Participant: 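Before I ask anything, here is the structure I am working with.
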Amino acid sequence: MRHFTSVKQLGDLKEAFAKAEYVKENPFADQELGRNKTLLMLFFNSSLRTRLSTQKAAMNLGMNVIVLDVNQGAWKLETERGVIMDGDKPEHLLEAIPVMGCYCDIIGVRSFARFENKDDDYNEKILNEFIQYSGRPVFSMEAATRHPLQTFADMITIEEYRKKDRPKIVMTWAPHPKALPQAVPNSFAEGMNLMDCEFVITHPHGYELDPAFTGNARIEYDQDKAFEGADFIYAKNWAAYSGENYGKVLNMDRSWTVDSRKMALTDNAYFMHCLPVRRNMIVTDEVIESPQSIVIPEAANRVVSAQTIIKEILLSL
Ligand code: AN0
Ligand code: CP
């Protein structure tokens, strides 16, 4: 594996889960693999889990790690070609990318959807420029349309906790005051389409996701109905995708907040969320603190997913 941008690249899932399990049980077995190799982690957006878990994964593999917050200390970067650069941005991404490539062996990039131009977002303009111009293997630490390291961690977590061969997994929209990207729900949907499960997505009208990601999911607009008999509830907010409403918050309907009444409709489902989560908007205190909440082991598996992927990339160098 050279670049990693989507869980579709995991290949045979049984093998991918076996590799993840090996990494989880033997975190320091491959320290030689990363010796004298440098990972550059580049953040255009904030992060807690991705930053810490990916650095930890790289250190477990014996790598050196450089972290750069582009918006704190680096030059402001112009991203449009053809611009007369007489404004507040002293450097162009098209020089910055190959320069950064000179200082490392692998690059991880976090670059969220900007909601300025849907085509730029959905063509993964920034991530693809890194792939094209850095000369290095690149992996996504959440790009405009996908968050594959999160999704792989989610898949590993479901594999660990599932009690049935074919669990019912429900991804539910929940309210949030700010516009959030579709990367996590797109990517989760992509992952669930690869797993053996009954996959249902529930959201209010207007929050339909790109069908290229939702695939074979059943869309159910009645949240209570969707929750019936579920084994896993995966909550997430996202801004509208369709048409003129792209990137907009259409409502903050707190009747969609995941609470104990709704969880009681499930088959004692586990509660999942990628975090960070706004309590009592997305989920009540009671649900996230309940024994069925597996958000912490889910976050812990971010080290496992990152280490499994970085290891594959190191093996391909
Ligand atoms: C981001 C999002 O929804 O994509 C990151 C989640 C991992 N969340 C926020 O910005 C709050
Ligand atoms: N889940 C996740 O990616 O969290 P951060 O945004 O804190 O990295």
Side-chain angles (χ1 to χ4, degrees), residues 4-7 39 41-58 65 67-72 108-116 118 121-122 124 126-127 139-158 171-191 201 203 207 209-210 213 234-241 246-250 252 256-258 271-283 288 293-307 309-310:
F4 180 69
T5 61
S6 160
V7 287
L39 170 66
M41 293 165 56
L42 201 67
F43 288 93
F44 287 91
N45 315 92
S46 304
S47 168
L48 186 149
R49 277 143 293 276
T50 304
R51 172 185 304 254
L52 298 179
S53 63
T54 311
Q55 180 161 2
K56 171 73 173 143
V65 183
V67 184
L68 180 65
D69 287 297
V70 180
N71 299 322
Q72 284 169 27
V109 181
R110 166 162 286 201
S111 171
F112 289 179
R114 297 178 180 181
F115 291 145
E116 286 165 8
K118 188 173 181 172
D121 288 345
Y122 271 71
E124 290 288 5
I126 304 285
L127 185 66
F139 65 87
S140 163
M141 299 196 298
E142 185 171 341
T145 63
R146 295 180 178 91
H147 193 358
L149 290 179
Q150 179 65 50
T151 305
F152 187 23
D154 297 335
M155 293 163 76
I156 293 166
T157 309
I158 289 169
M171 178 167 81
T172 180
W173 181 93
H176 189 276
K178 300 228 160 74
L180 294 185
Q182 293 104 24
V184 170
N186 282 345
S187 195
F188 186 74
E190 203 167 63
I201 304 177
H203 55 70
Y207 283 100
L209 293 163
D210 182 349
F213 294 97
Y234 191 92
K236 185 70 186 85
N237 171 268
W238 60 87
Y241 166 76
Y246 180 65
K248 294 209 175 112
V249 176
L250 305 180
M252 279 200 268
W256 280 78
T257 302
V258 178
F271 175 82
M272 298 178 73
H273 189 282
C274 64
L275 307 181
V277 71
R278 289 188 187 238
R279 284 178 174 222
N280 304 310
M281 289 294 294
I282 304 284
V283 57
I288 200 165
S293 167
I294 54 172
V295 296
I296 307 303
E298 180 184 0
N301 276 334
R302 289 294 306 275
V303 178
V304 181
S305 67
Q307 192 169 336
I309 296 305
I310 297 169

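Every number for a ligand or one of its atoms is a count from 1 in the order of the listing. Keep in mind that what you see is a predicted model, and the values were worked out from it rather than measured.
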Participant: To the nearest 0.1 Å, how far is atom 6 (O) of ligand 2 from its closest protein heavy atom, and which atom is that?
Facilitator: R110 NH1, 2.8 Å

Participant: List every atom of ligand 2 that sits less than 4.0 Å from any heavy atom of L48, numbering the atoms from 1 in the order shown and giving each element.
Facilitator: 5 (P), 7 (O), 8 (O)

Participant: Identify, for atom 4 (O) of ligand 2, the protein heavy atom at the shortest distance, and state residue, atom and that distance.
Facilitator: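 Scanning the protein heavy atoms, the shortest distance from atom 4 (O) of ligand 2 goes to R49 NE, 2.8 Å.
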
Participant: Suppose I only count heavy atoms of H147 and a 4.0 Å limit; which atoms of ligand 2 are within that range?
Facilitator: 2 (C), 3 (O)

Participant: Can you list every protein residue that has a heavy atom under 4.0 Å from any atom of ligand 1, sorted by chain and residue number?
Facilitator: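 The answer is F112, E142, H147, L180, P181, K236, C274, L275, P276, counting any residue whose heavy atom sits under 4.0 Å from ligand 1.
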
Participant: How are the rings of Y234 and F188 set to each other: parallel, tilted or perpendicular (split at 30° and 60°)?
Facilitator: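 The rings of Y234 and F188 lie parallel, inter-plane angle below 30°.
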
Participant: Under the rule for ring-ring contact (aromatic ring centres under 6.0 Å, His included), what residues qualify as partners of F112, not counting sequence neighbours?
Facilitator: none

Participant: Is the closest heavy atom of R302 to ligand 2 under 4.0 Å?
Facilitator: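 Yes, R302 has a heavy atom closer than 4.0 Å to ligand 2.
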
Participant: Looking only at atom types and distance, does a side-chain atom of D121 sit under 3.5 Å from a main-chain N or O of F115, one as donor and one as acceptor?
Facilitator: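 Here the side-chain-to-backbone pair exists.
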
Participant: Quick one: list whatever passes side chain to side chain donor-acceptor pair (under 3.5 Å) with Y241, sequence neighbours left out.
Facilitator: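 Once residues adjacent in sequence are excluded, the partners of Y241 under the side chain to side chain donor-acceptor pair (under 3.5 Å) criterion are D210.
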
Participant: With rounding to the nearest 0.5 Å, note down the distance linking NZ in K236 to CE in M272.
Facilitator: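 Between K236 NZ and M272 CE, I get 13.5 Å after rounding to 0.5 Å.
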
Participant: I'd like to check R114 versus I126 (side-chain heavy atoms, cut-off strictly below 4.5 Å). Are they in contact?
Facilitator: yes

Participant: Who are the side-chain contact (heavy atoms from CB on, under 4.5 Å) partners of T50, not counting sequence neighbours?
Facilitator: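 For T50, the residues satisfying side-chain contact (heavy atoms from CB on, under 4.5 Å) (neighbours in sequence not counted) are F43, S47, T54, R110, M141, H147, R302.
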
Participant: Please confirm whether Q150 approaches ligand 2 to less than 4.0 Å, judged on its heavy atoms.
Facilitator: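 Under 4.0 Å: yes for Q150.
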
Participant: Answer whether the closest heavy-atom distance between the side chains of V184 and W238 falls below 4.5 Å.
Facilitator: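 Side chain of V184 against side chain of W238, heavy atoms only: no contact under 4.5 Å found.
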
Participant: Strictly by modelled atom types, are N186 and E190 linked by a side-chain donor-acceptor pair under 3.5 Å?
Facilitator: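 Their side chains do not contain a donor-acceptor pair, so the 3.5 Å distance test is not met.
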
